[in-house]
Amino acid sequence: MESALLEGLTDAQRRAVTHRSGAQLVMAGPGSGKTTVVTRRIALLLDQGVSPYSVLALTFTNKAAGEMRDRVRRTIGDHAARGLTIATFHAFAARQLRLLHEQVGVPQDFTIFDASDQKSAAKQAVAESGMDGANWPPASVLGAISRVKQALLSPQEAEAQACDFWSRSMASIYKCYQRILERAHALDFDDLLRLFAAALRDNPQLRAHLGTRFEYLMVDEYQDTNHAQFVIASSIAAAHGNICVVGDPDQSIYAWRGADITNILDFESQYVGATTVSLGQNFRSTAMIVAASAGLIACNESHRARELHTELGAGELPVLFGAMDEHAEAQEVVERFQRLHQEDGIPWNEMVVLYRINAISRVLEEMFRAADVPHIVARGTAFYQRKEIKDALSYLRVLHNQADDISLRRIVNVPARGIGSTSMGRLERFAARYGLGLAEAMRRRSEIEGLGKRAGAAIDRFIAMIDGWQRAMSGGPIEISLADLVARVLDESGMEQSLRSNAQEEDIDRVANLQELVSAASERELEQDAAAEVDAPASLAGRLASWLESITLVADADMIDPEQGAVTLMSLHASKGLEFDVVAIVACEQGVLPHARALDDIGQMEEERRLCYVGMTRARKHLLMGHANSRTQRGQHERMSPSRFLDEIPSDSVCQIHADDSWQVNQVVEITVHVGQPVRHPRFGLGRVLRLGRRPQGATITVDFVEFGPRTLPASHASLEPTGNCDIDF
């Protein structure tokens with residue numbers, strides 16, 4: 001089977017796949033087939049007799065992990081792959097912490113707080129620490145706590161290192177924040193990595209155990225690893241040195257969330273004698289896109305020079321264009337997408353618009369909507385952030401972990417059941433006085449003064465309902481599936497009936513969303529059965545915990561459905577790992593891309609350049625990069641300057657269209673027009689010039705007409721007449 005596994009690979013890919021023992025660094029440029037290399041290498045190891053139980057592959061998104069698993073199974077068969085572990089860092093750490101809960105000191109049934117839960121906990125921590133909430137916004141607090149946790153510091157260690165007012169205050173908030181999580185039997189995202197990494201660092205027996213268990217370790221996107229992930233990987237590999245990392249320092253774009261580019265840059269120093277293989281052939285993009293992106297990234301001092309090439313032909317030149325403002329910029333993108341769809345037959349789902357700042361999507365959304373172009377905005381876990389889904393998941397999280405007070409507060413009176421804010425206030429005060437969770441306080445509600453009979457009865461029914469689900473989940477007389485459990489919760493909680501009783505269209509949609517959640521549970525169970533991993537949970541409680549984990553740990557890129565017939569609008573950061581036939585990068589302006597905070601910092605400027613490079617290399621066939629001469633920011637119309645990155649792209653690799661060009665139009669009577677010029681057309685009437693374009697088939701002029709909207713006309717016979725009427729309401 002070895003010859004089949006090596007078939008179709010380049011020489012460099014073949015060297016990477018056949019490497020058996022010792023450390024290996026695979027420098028994989030964009031579109032160079034790194035997933036093929038990782039999956040073929042895993043398949044070859046198994047074909048050579050390595051036990052699947054001994055192989056561990058770690059990556060960053062569920063989508064990437066799922067694709068690797070699917071490819072390996074398709075290559076060698078489901079049976080041969082049974083016991084193989086391919087997971088995200090967070091999912092792997094969560095699984096190990098549940099197995100090691102006694103050694104690490106965490107509850108086995110811990111809940112993972114998502115972003116919303118963390119924000120609530122941060123607000124509560126600020127209040128409990130006696131700080132002014134106005135001076136300690138949740139986003140800043142969580143960012144600071146995240147940085148401390150990535151350094152593997154406990155609250156006590158952070159407090160010991162605090163040396164000024166800010167760090168001492170932050171240490172106090174961190175301590176309160178962690179107490180809130182502990183009371184809820186919860187961990188946040190960073191805890192998963194911190195606690196697991198610290199356990200590996202401090203426990204030689206654990207290092208030896210996992211090193212023996214996972215004799216072959218592969219890490220994808222190694223340039224994105226932070227300190228905790230570095231400790232996890234290097235600790236597991238310490239016993240045998242069989243670590244293969246795949247990545248590209250030119251695509252390191254997550255320093256703001258702790259990624260350390262030196263992990264990949266220093267790999268050869270850490271593992272002396274490591275084999276290094278460079279994958280330089282791009283199987284994704286045409287030559288002009290490869291040349292343009294390579295020219296940009298070469299401006300980074302951290303860039304390691306290597307030959308990048310493609311055999312996909314020259315292709316079209318990437319287009320750099322300027323526009324009068326953000327509306328004209330968006331209109332240019334929409335029109336080009338429409339032409340590519342209509343004339344070249346490129347489907348909408350093969351087109352994407354990328355931007356540095358999410359707020360930029362608003363004008364784009366309006367333009368796509370006005371043009372009747374189907375589009376979606378990728379912003380994280382959209383489905384799972386809908387209110388009814390959050391409510392349903394909160395029920396399930398309380399069922400999984402009754403100490404989860406944040407989830408319990410959310411659903412205790414959803415739908416209304418007579419447990420109002422007054423009753424909750426009494427319960428919370430009682431719980432705080434005796435150091436109890438809210439569920440425990442509810443079970444002792446007879447001891448609480450001031451609770452009326454009606455509220456007491458409602459509390460009893462609520463707890464009885466939770467206990468009934470708990471018995472069903474723990475192995476009642478009839479074994480039920482995960483989907484059955486979810487359906488029962490939605491029914492008996494009253495959520496579904498409450499929404500059905502309303503005739504509002506949005507409530508009908510919400511019921512459909514709840515039904516989709518049942519379907520998601522069913523699909524998850526089928527996936528778990530198919531995976532058949534050695535450490536996969538067998539009990540219903542374990543399957544519920546695993547599913548809730550997978551929902552909480554979902555990433556932006558996991559939410560992109562390639563089958564949807566729609567243009568995707570998303571941030572540059574979220575586009576990592578994706579590819580499209582057509583890519584437009586908008587707002588390429590100083591202060592936006594690169595971001596304003598990077599302008600005076602060389603390191604941050606290099607990361608911004610890498611971010612632009614990542615966006616450019618998402619394109620297979622067509623690349624469009626735009627900037628506006630002015631943009632409305634914070635309600636003010638501001639002049640903008642083109643991004644310095646546009647000047648760094650080799651001029652012979654792009655076609656440039658400027659917004660401020662003035663052109664002579666070859667008509668019967670030669671006239672001069674410029675952007676913003678009021679003009680009259682014999683058929684379309686009055687309008688204003690939006691932009692001027694240079695294209696291989698000839699120059700064009702786009703005019704926004706009062707009655708007919710934007711129209712793009714050939715400059716050679718545009719039939720335009722300048723007009724001095726500047727008072728027209730355009």
Side-chain angles (χ1 to χ4, degrees), residues 30 139 143 223-224 248-262 265 289 291-304 318-323 325-326 329-330 333 352-364 556 569-576 578 583-619 623-634 636-651 653-654 656 658-659:
Q223 76 282 346
D224 293 334
D248 180 6
D250 289 339
Q251 296 185 68
S252 179
I253 59 174
Y254 296 120
W256 54 277
R257 70 182 189 196
D260 186 352
I261 193 174
T262 62
L265 293 177
I289 294 173
S293 55
L296 172 67
I297 201 61
C299 297
N300 268 4
E301 291 184 11
S302 61
H303 170 69
R304 291 176 56 165
V319 174
L320 311 187
F321 76 93
D325 57 21
E326 68 268 34
E329 177 190 51
V333 171
V352 68
V353 186
L354 306 176
Y355 34 77
R356 177 65 176 85
I357 301 169
N358 279 319
I360 288 170
S361 74
R362 183 187 62 81
V363 174
L364 290 158
D556 283 2
L569 280 63
M570 68 191 312
S571 71
L572 281 158
H573 282 101
S575 72
K576 181 76 176 300
L578 303 175
V583 171
I585 306 175
V586 296
C588 299
E589 297 141 14
Q590 289 293 100
V592 181
L593 179 67
H595 196 280
R597 65 169 173 260
L599 298 179
D600 298 320
D601 186 292
I602 294 175
Q604 289 188 40
M605 181 62 73
E606 292 216 344
E607 174 139 335
E608 292 289 304
R609 190 177 286 109
R610 291 194 293 269
L611 183 59
C612 186
Y613 173 74
V614 164
M616 295 172 70
T617 55
R618 299 310 93 198
L623 175 61
L624 179 66
M625 303 178 71
H627 69 89
N629 288 348
S630 65
R631 188 174 296 277
T632 303
Q633 301 188 96
R634 297 174 296 278
Q636 300 295 318
H637 216 51
E638 298 183 7
R639 293 288 297 175
M640 307 298 292
S641 300
S643 170
R644 62 181 288 181
F645 299 157
L646 300 182
D647 290 332
E648 293 172 351
I649 299 172
S651 59
S653 300
V654 294
Q656 299 195 46
H658 300 287

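As a basis for the values below, the full set of heavy atoms in this structure was taken, side chains included, without hydrogen atoms, waters or symmetry mates. Model, not experiment: these values are computed from the prediction.
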Any chance you could measure [X], atom [atom1], to [Y], atom [atom2], to the nearest 0.5 Å?
X	Y	atom1	atom2	result
C588	Y355	SG	OH	14.0 Å
D250	S293	CG	OG	9.5 Å
M605	F645	CE	CZ	5.5 Å
N300	S252	CG	OG	10.5 Å
W256	R597	CH2	CZ	9.0 Å
L364	R362	CG	CZ	10.0 Å

*Between the main-chain N or O of Q604 and the side-chain N or O of D601, is there a donor-acceptor pair closer than 3.5 Å?*
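Confirmed, D601 side chain pairs with Q604 backbone.
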How close do [X] and [Y] get, counting heavy atoms only, and between which atoms?
X	Y	value
R618	P30	NH2-CB, 4.3 Å
I261	P249	CD1-O, 3.6 Å
P318	S653	CD-O, 3.0 Å
A628	E589	N-OE2, 2.7 Å
P642	H627	CG-CE1, 3.5 Å
G615	L572	CA-CD2, 3.6 Å

Between [Y] and [X], is there a side-chain heavy-atom distance shorter than 4.5 Å?
X	Y	result
V592	I357	yes
V586	I360	yes
V333	L624	yes
L611	H573	yes
V319	Q656	no
M640	N629	no
L354	S571	no
C612	M625	yes

_Taking the six-membered ring of Y613 as reference, does the cationic atom of R610 (NZ for Lys, CZ for Arg) lie under 6.0 Å from its centre and within 45° of its axis?_
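Checked: cation-pi criterion not met.
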*Would you check, one step at a time, whether the test side-chain contact (heavy atoms from CB on, under 4.5 Å) holds for N358 with M570?*
CA-CA 7 Å; N358 279 319; M570 68 191 312; over 6 Å; no
*Can V583 and V353 be said to form a side-chain contact (heavy atoms from CB on, under 4.5 Å), step by step?*
CA-CA 6 Å; V583 171; V353 186; over 6 Å; no
_Residues, nucleotides or ligands: over 12 heavy atoms within 6.0 Å of I602 CD1_ =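 For I602, atom CD1 is not crowded (no more than 12 foreign heavy atoms under 6.0 Å).
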*Stepwise side-chain contact (heavy atoms from CB on, under 4.5 Å) check, C299 with R609*: CA-CA 8 Å; C299 297; R609 190 177 286 109; 3.7 Å; yes
*Cut-off 3.5 Å, side chains only: do S302 and E606 have a donor facing an acceptor?*
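The criterion, which ignores hydrogens and geometry beyond distance, is satisfied for E606 and S302.
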*Dump the intermediate steps for side-chain contact (heavy atoms from CB on, under 4.5 Å) on E329 and V363, then the final yes or no.*
CA-CA 9 Å; E329 177 190 51; V363 174; over 6 Å; no
*Give a yes or no on whether a salt bridge exists between R631 and E638, defined as a side-chain N under 4.0 angstrom from a carboxylate O.*
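The answer is no: the pair does not qualify as a salt bridge.
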*In plain terms, say whether K576 and D224 are close enough for a salt bridge, that is, a side-chain N and a carboxylate O under 4.0 Å apart.*
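Looking at K576 and D224, the cut-off is met.
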